[in-house]
Amino acid sequence: MSRGLDACIFDLDGVLTDTADLHFKSWRRLGRELGYELSSEKNRELKGVSRAGSLDLILKWAGRELDDGEKQRLMDRKNQWYLSEIENLGEKDQLPGAAAFLDQLDRNNIPYGLGSGSKNARTIVKKIGLAHRFNWVVDGTDVQKGKPDPEVFLKAASLMDCEIANTIVFEDSVAGLIAARKGGFIAVGFGTDANLSDHAHFVIDSWEKTSLDEIRALVAEIN
Ligand code: BG6
Ligand code: MG
């Protein structure tokens with residue numbers, strides 16, 4: 001069965017804007033309060049992982065066990081710091097070429113939505129000036145299970161009423177690509193992380209260098 005391109009679902013963090021360093025700063029600060037120094041290598045393992053999932057990993061690495069109330073308090077603290085980090089995000093923080101790629105989709109009548117695990121996604125997409133471009137948004141506040149569970153993408157696809165096998169999910173994280181695959185989507189890695197190609201149907205590394213025609217050609221080659 002050859003696949004076509006009917007619709008797209010975009011992850012947000014790392015795909016339309018780069019917030020990884022801002023998450024890192026906030027988690028590292030929290031880690032230090034627990035006497036644990038989060039390295040940038042370990043931080044990479046948190047990409048695409050939900051807030052609660054990230055805290056659980058950090059606690060595991062720190063060798064700590066906390067009750068649910070304490071964990072909630074720590075997540076709230078981290079998010080307060082993160083919210084002050086994203087305060088100054090603006091249109092300048094769109095990844096280069098992202099809006100122009102959405103223009104190409106618009107010109108070709110290809111619908112697209114947002115599928116992010118972040119509970120701050122609606123705030124961020126507004127700050128970077130792309131909120132009006134997305135008719136469908138599913139974020140961390142809408143789902144029970146974080147990536148690598150496909151819930152966020154399945155929910156977006158159901159709102160969009162699109163054919164899953166012909167819908168691309170653009171993702172910068174391994175967790176997100178695994179989720180896309182599990183859901184039956186076309187999993188397209190975004191970025192230069194060498195691990196992406198193990199989980200993606202194909203990988204692109206920038207919006208500026210990518211045309212819709214190239215994407216269509218790559219989709220047609222998937223078997
Ligand atoms: C993902 C990020 O998009 O959202 C993760 O890649 C982050 O690093 C997750 O932990 C949850 O984000 P938030 O904003 O709900 O804490
Ligand atoms: Mg991401």
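Nothing here was measured: the structure is a model prediction, and the numbers come from that model. Hydrogens, waters and symmetry mates play no part in the numbers below; they use all other heavy atoms, side chains included. Indexing begins at 1, ligand by ligand and atom by atom, following the structure's order.
- Residue S54 places a heavy atom under 4.0 Å from ligand 1.
- Using a 4.0 Å cut-off between heavy atoms, R51 contacts ligand 1 through both its backbone and its side chain.
- Using a 4.0 Å cut-off between heavy atoms, T19 makes no contact with ligand 1 at all.
- Close N/O approach between K119 and ligand 1 is found [any backbone or side-chain N/O within under 3.5 Å].
- Residue-to-ligand polar distances place N120 within reach of ligand 1: an N/O pair is separated by less than 3.5 Å.
- Per residue D13, closest N, O or S atom to the Mg ion (ligand 2): atom name O.
- Between T141 atom OG1 and N120 atom CG the span is 9.5 Å, to the nearest 0.5 Å.
- Side-chain contact between T19 and L12 is absent, with no heavy atoms from C-beta onward closer than 4.5 Å.
- Ranking protein heavy atoms by distance to atom 10 (O) of ligand 1, first place goes to V49 O, 2.7 Å.
- A salt bridge is absent between K47 and D13; no separation between the charged side-chain nitrogens and carboxylate oxygens falls under 4.0 Å.
- The N/O atoms of W27, backbone and side chain alike, include none that comes under 3.5 Å of an N/O atom in ligand 1.
- Closest to atom 1 (C) of ligand 1 by heavy atom, among V152, V15, D13, L57, is D13.
- Among R51, H23, E87, R77, the single residue meeting the side-chain hydrogen bond (donor to acceptor under 3.5 Å, both in side chains) criterion with Y82 is H23.
- Closest heavy-atom contact between A98 and L16: CB-CD2, 4.1 Å.
- Polar contact with ligand 1: absent for Y82 (N/O pair, distance under 3.5 Å).
- Salt-bridge check for R133 with D103: passed, with a basic side-chain N closer than 4.0 Å to an acidic carboxylate O.
- Between R181 and A187, the shortest heavy-atom contact is CG-CB, 4.0 Å.
- If you look at L12 next to ligand 1, there are no close heavy atoms at all, none under 4.0 Å.
- Classified by interplanar angle (parallel below 30°, tilted 30° to 60°, perpendicular above 60°), the ring pair W207/F190 is parallel.
- To the nearest 0.5 Å, the span separating NZ on K119 from CE on M75 amounts to 6.5 Å.
- The OD1 atom of D172 and the OD2 atom of D11 subtend an angle of 90° at the Mg ion (ligand 2), given to the nearest 10 degrees.
- Close to ligand 1: G48, with a non-hydrogen atom less than 4.0 angstrom away.
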